[in-house]
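Just below is one structure, and these are the notes that go with it.
Sequence positions, counted from 1, serve as the residue numbers for this chain.
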Amino acid sequence: MKLTKIIFFMFMLLLGACGDNEETDSSADVMYHHNFRPYYHYTPQANWMNDPNGMVYYDGKYHLFYQYYPYGTTWGPMHWAHTVSTDLFHWEDQGIKLYPDELGYVFSGSAVADLNNTAGFKTGNETPLVAIFTHHQNITGRQVQSLAYSNDKGDTWTKYENNPVLDNPGIADFRDPKVIWHEASQKWIMVLAVFDHIRIYSSPNLKAWELESEFGKNVGYHGGVWECPDLFPLKDEQGTVKWVMLVSLGGNENSEPNGGSATQYFIGEFDGSSFVSENEEILWADYGIDNYAGVTWSNIPEIDGRRLFIGWMSNWAYANVVPESGWRSGMTVPREIKLKKRQDNSYVLHFSPVDELNTLVDPQKTIAPETPANQIHVDYHEIIAGGSYQVEMEIIPSETDQFTISLGNELEDLTIRYSKTSGEFTIDRSNSGHVTFNNLFMHEISCDYQATGETLPLTLLIDQNSVELFINQGEKVMTALFFPRYNYKFFRLDGYTQNKFIKSFTINALKKSLIR
């Protein structure tokens with residue numbers, strides 16, 4: 001704890017104790033204990049949650065399954081719990097759909113709408129939804145791939161009687177199938193994480209799988225076991241189509257980009273059998289520390305055309321010990337992925353909050369200071385104290401060499417800095433509240449970025465115990481958890497200059513979700 005903050009807090013206590021009988025404390029000075037549960041991010045009602053699974057859109061609803069342990073707040077025998085939404089923010093929980101059985105725990109996987117009934121599971125008028133998941137034998141560690149299906153829009157599920165559909169060839173880590181329909185070859189394609197690389201399989205019917213190729217043994221980052229892959233095509237603004245592969249990987253305190261688990265991606269070509277990466281450098285979906293195992297929804301209608309992503313907002317380095325009570329973990333804000341071509345003709349991905357987030361903005365609760373400005377301080381405002389809000393700003397990089405965003409109270413703060421000299425953003429949460437439960441909370445989180453344009457747009461999402469920073473419309477993203485002891489009371493933006501480097505600035509309160 002910083003000495004100046006200790007002195008300030010003692011001074012405030014002294015003021016309250018030394019006056020006469022007049023009331024000297026105001027509500028602004030009271031330290032209210034902080035509630036960690038987010039308002040607009042998805043969280044389970046109770047108990048443990050990790051990886052998003054089985055994400056499929058059908059009949060107007062986004063289906064989200066996830067790894068779930070219903071008997072405690074730390075990782076345990078895995079189930080699939082289920083929730084649905086029509087707008088990606090108001091979720092209706094549907095309970096547990098897949099339970100462990102004689103083949104083992106129900107680990108991560110995906111789900112598809114079998115529009116042509118290739119698997120033969122259809123019994124009524126509805127398109128069968130088919131889940132493809134890993135069965136994990138908890139005693140032997142053996143992992144195999146299995147199916148379950150639903151003929152009533154995902155309400156009830158039946159496990160395939162001839163599971164597993166893909167047996168284990170003798171590999172310890174053999175899991176997390178993501179399945180897509182490949183239109184050109186008229187086949188289902190599965191990408192499967194196999195310790196340090198990806199195997200690609202094909203099938204005409206989701207039941208019989210044939211190995212097509214392998215990818216990744218000599219490319220990408222290998223500072224941990226590869227997990228939770230995804231494969232999909234994406235079109236840029238000029239109509240060029242590239243294929244994208246996401247790969248999450250568990251790591252340790254020294255792993256890139258900032259320690260623990262993270263998600264990398266590859267951009268290249270896929271011919272229905274083999275994937276070839278074109279990117280020369282390692283690319284990360286998120287340069288923060290709390291976005292893992294993210295994958296995309298299948299069966300998004302062509303009229304929509306978006307590729308939508310969500311990740312588990314935690315890190316395996318400390319997921320089991322974060323100071324949440326009665327429940328653990330949340331999901332990131334759903335994000336749209338866009339393919340962008342750089343000046344050197346290489347491609348990268350941009351991740352930005354989905355447009356549906358704008359429907360949560362409360363027009364009656366907005367802070368819009370006069371701009372241009374050389375600093376903005378918002379102290380003791382109900383939106384900041386509420387803890388769930390969106391900040392939109394434009395910075396003029398030519399007018400300052402650095403700037404700092406800080407949010408906090410008299411005793412705690414979380415700080416985001418940008419330095420043009422070092423060419424990086426950093427997040428410092430070492431004084432943000434509860435931090436001693438893991439060493440990574442004391443480490444600075446960094447993201448290389450050189451601001452080159454006339455303006456630098458930034459979007460910052462705060463939701464009780466998380467910060468998501470979207471740099472230049474999602475060119476880079478940083479996601480981090482923090483756990484204040486007391487409600488934060490201020491938001492400040494400083495450039496340490498007399499120049500008016502802030503072109504525009506708005507804070508919007510975001511409405512609470514009414515459906516759980």
Side-chain angles (χ1 to χ4, degrees), residues 44 47-59 61 63-71 75-84 93-169 174-181 188-193 201-210 228 295 297-299:
N47 302 311
W48 169 270
M49 176 184 78
N50 58 286
D51 303 0
N53 297 154
M55 294 157 53
V56 59
Y57 180 87
Y58 182 71
D59 194 33
K61 292 183 178 181
H63 293 259
L64 170 62
F65 298 82
Y66 52 88
Q67 295 282 277
Y68 185 62
Y69 181 54
Y71 306 114
W75 189 94
M78 286 290 96
H79 303 56
W80 270 27
H82 183 207
T83 190
V84 297
D93 289 340
Q94 307 295 302
I96 298 171
K97 299 300 183 183
L98 297 180
Y99 291 79
D101 56 26
E102 66 278 2
L103 289 177
Y105 303 161
V106 183
F107 271 19
S108 291
S110 54
V112 297
D114 189 2
L115 301 176
N116 298 318
N117 193 31
T118 62
F121 291 141
K122 186 173 183 177
T123 59
N125 295 324
E126 295 295 336
T127 296
L129 301 181
V130 182
I132 308 94
F133 61 92
T134 297
H135 260 126
H136 172 86
Q137 212 335 295
N138 56 305
I139 297 176
T140 65
R142 180 172 175 265
Q143 296 179 342
V144 298
Q145 316 317 314
S146 296
L147 302 180
Y149 58 91
S150 172
N151 280 298
D152 56 8
K153 302 182 182 182
D155 289 343
T156 60
W157 291 79
T158 302
K159 290 175 183 171
Y160 179 44
E161 60 184 4
N162 292 323
N163 281 336
V165 294
L166 180 57
D167 210 345
N168 192 308
F174 189 72
R175 59 177 178 266
D176 308 338
K178 180 62 188 290
V179 171
I180 64 169
W181 176 253
W188 296 103
I189 298 297
M190 175 196 294
V191 284
L192 191 72
Y201 293 84
S202 68
S203 172
N205 57 12
L206 296 169
K207 297 175 179 177
W209 293 94
E210 179 180 347
C228 302
V295 288
W297 267 274
S298 67
N299 202 45

Trace of the side chain to side chain contact (heavy atoms under 4.5 Å, CB included) decision for L192 with L166: CA-CA 11 Å; L192 191 72; L166 180 57; 4.1 Å; yes
To the nearest 0.5 Å, how far apart are [atom1] in [X] and [atom2] in [Y]?
X	Y	atom1	atom2	result
C228	R175	SG	CZ	8.0 Å
L147	T158	CG	OG1	12.0 Å
Y201	I132	OH	CD1	15.0 Å
D114	L129	CG	CG	9.5 Å
Q67	M78	CD	CE	5.5 Å
N162	K159	CG	NZ	14.5 Å

Show the nearest heavy-atom pair for residues [X] and [Y], with the distance to one decimal.
X	Y	result
Q137	I139	OE1-N, 2.9 Å
P52	V295	O-CG2, 4.2 Å
K97	D155	NZ-O, 2.6 Å
W188	A113	CH2-O, 4.0 Å
K207	A119	NZ-O, 2.7 Å
P77	Y105	CB-CE2, 3.4 Å

Determine whether [X] and [Y] make a side-chain contact, defined as any pair of heavy atoms from C-beta on separated by less than 4.5 Å.
X	Y	value
F174	P169	yes
W75	Y69	no
I180	S298	no
D59	T127	no
L115	W181	no
S146	L103	yes
P164	H135	no

Stepwise side chain to side chain contact (heavy atoms under 4.5 Å, CB included) test for V130 and Y160: CA-CA 10 Å; V130 182; Y160 179 44; over 6 Å; no
Enclosure of K61 NZ (heavy-atom neighbours >12, cutoff 6.0 Å): no
Give a yes or no on whether the backbone of [Y] and the side-chain of [X] come within a donor-acceptor separation of less than 3.5 Å.
X	Y	answer
S150	T156	yes
K122	N151	no
K153	Y58	no
S110	V179	yes

Residue pair T134 / Q145, side-chain donor-acceptor N/O under 3.5 Å: yes
T118 and N205: side chain donor to acceptor below 3.5 Å: no
Residue among W80, F133, W297, F107 satisfying ring pair (Phe, Tyr, Trp, His ring centres under 6.0 Å) with F65: W80
Residue pair V106, N53: steps toward the side chain to side chain contact (heavy atoms under 4.5 Å, CB included) verdict: CA-CA 11 Å; V106 183; N53 297 154; over 6 Å; no
Parallel, tilted or perpendicular: rings of H63 and H82 (30°, 60°): parallel
